[in-house]
Visitor: 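Please find one structure pasted underneath; my questions will follow.
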Amino acid sequence: FFTNNNKIERYSDILKCNSSYYETYFKSMLEQGIYIAPSPYECTFVTAAHSDEDIERTIMASAKAMKEIRN
């Protein structure tokens, strides 16, 4: 969740999150070939099918997406 809160402890904390940041993050990841859940309320899982290269590529894409949010 994109928030200034240090902890998400209850549903009311989630409602304070910035959903437009997630939208930007999702679109950036998708444009980079990384498909994540389209809703911030869904989970993302790493599986044995993901190679080290897949994970590294995802980390790099995530860093780029975060920079786009900052801008």
Side-chain angles (χ1 to χ4, degrees):
F1 294 106
F2 290 96
T3 180
N4 290 330
N5 296 339
N6 290 331
K7 294 182 181 181
I8 301 291
E9 296 180 326
R10 55 186 63 83
Y11 182 68
S12 60
D13 295 333
I14 293 170
L15 295 176
K16 297 174 187 171
C17 294
N18 190 321
S19 60
S20 67
Y21 285 175
Y22 187 83
E23 182 180 345
T24 301
Y25 182 80
F26 172 78
K27 287 179 180 178
S28 176
M29 294 295 280
L30 193 60
E31 288 170 359
Q32 296 179 76
I34 307 292
Y35 181 79
I36 59 172
S39 169
Y41 306 110
E42 298 179 60
C43 295
T44 301
F45 298 97
V46 176
T47 71
H50 291 105
S51 67
D52 290 344
E53 292 81 18
D54 293 331
I55 294 169
E56 185 62 31
R57 185 168 161 249
T58 303
I59 291 169
M60 299 303 291
S62 183
K64 181 179 177 184
M66 295 289 190
K67 287 178 185 174
E68 289 177 19
I69 290 169
R70 254 193 315 225
N71 296 333

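The figures that follow rest on heavy atoms only: side chains count, while hydrogens, waters and symmetry mates do not.
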Visitor: Verify the cluster assignment for Tyr35 and Tyr25: are they in a single hydrophobic cluster under the rule of side-chain heavy atoms below 4.5 Å apart?
Guide: yes
Visitor: Using the rule that Ile, Leu, Val, Met, Phe, Trp and Tyr join whenever any side-chain heavy atoms are under 4.5 Å apart, tell me whether Phe2 and Ile59 fall into a single cluster.
Guide: no
Visitor: Looking at residues at least two apart in the chain, or sitting in another chain, which of them share a ring pair (Phe, Tyr, Trp, His ring centres under 6.0 Å) with Tyr22?
Guide: none
Visitor: So, Ser62 side chain and Thr58 main chain: donor-acceptor pair closer than 3.5 Å or not?
Guide: no
Visitor: Consider only side-chain heavy atoms of I, L, V, M, F, W and Y, link residues closer than 4.5 Å, and tell whether Met66 and Ile36 are in one cluster.
Guide: yes
Visitor: Answer yes or no: does atom OH of Tyr21 have more than 12 heavy-atom neighbours from other residues, nucleotides or ligands under 6.0 Å?
Guide: no
Visitor: Which atoms form the tightest heavy-atom contact between Ile8 and Cys17, and what is the distance?
Guide: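 Ile8 and Cys17 have their closest heavy atoms at CD1-SG, 3.9 Å.
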Visitor: Please enumerate all residues that pass side chain to side chain contact (heavy atoms under 4.5 Å, CB included) together with Glu53, with sequence neighbours excluded.
Guide: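 Partners of Glu53 by the side chain to side chain contact (heavy atoms under 4.5 Å, CB included) criterion, ordered by chain and then number, come out as Ser51.
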Visitor: If you compare all heavy atoms of Ala65 against all heavy atoms of Gln32, which two are closest, and at what distance to 0.1 Å?
Guide: N-NE2, 4.2 Å
Visitor: By the salt bridge (Lys or Arg N to Asp or Glu O under 4.0 Å) test, which pairs, at least two apart or in different chains, include something from residues 33-50?
Guide: none
Visitor: Can you tell if the side chain of Glu68 reaches within under 4.5 Å of the side chain of Lys64, non-hydrogen atoms only?
Guide: yes
Visitor: Taking salt bridge (charged side-chain N to carboxylate O under 4.0 Å, His left out) as the definition, give me every residue that meets it alongside Lys16, ordered by chain and number, with sequence neighbours left out.
Guide: none
Visitor: Would Asp13 and Lys7 count as a side chain to side chain contact (heavy atoms under 4.5 Å, CB included) if you check the C-alpha gap in whole Å, the side-chain angles of each, and the deciding distance to 0.1 Å?
Guide: CA-CA 8 Å; Asp13 295 333; Lys7 294 182 181 181; 5.9 Å; no
Visitor: How about CE on Met60, more than 12 heavy atoms from neighbouring residues, nucleotides or ligands closer than 6.0 Å, or not?
Guide: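 12 or below, so no.
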Visitor: Tell me every residue that passes ring pair (Phe, Tyr, Trp, His ring centres under 6.0 Å) with Phe1, counting only those two or more places apart in sequence or in another chain.
Guide: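 In terms of ring pair (Phe, Tyr, Trp, His ring centres under 6.0 Å), with neighbours along the sequence ignored, Phe1 is linked to no residue.
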Visitor: Return the set of residues passing salt bridge (charged side-chain N to carboxylate O under 4.0 Å, His left out) with Glu31 (not counting sequence neighbours), or none when no residue passes.
Guide: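 Salt bridge (charged side-chain N to carboxylate O under 4.0 Å, His left out) list for Glu31, sorted by chain: empty.
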Visitor: Side chains of Glu23 and Ser19: is there a donor and an acceptor less than 3.5 Å apart?
Guide: no
Visitor: Side-chain contact, heavy-atom cut-off 4.5 Å: His50 with Thr47?
Guide: yes
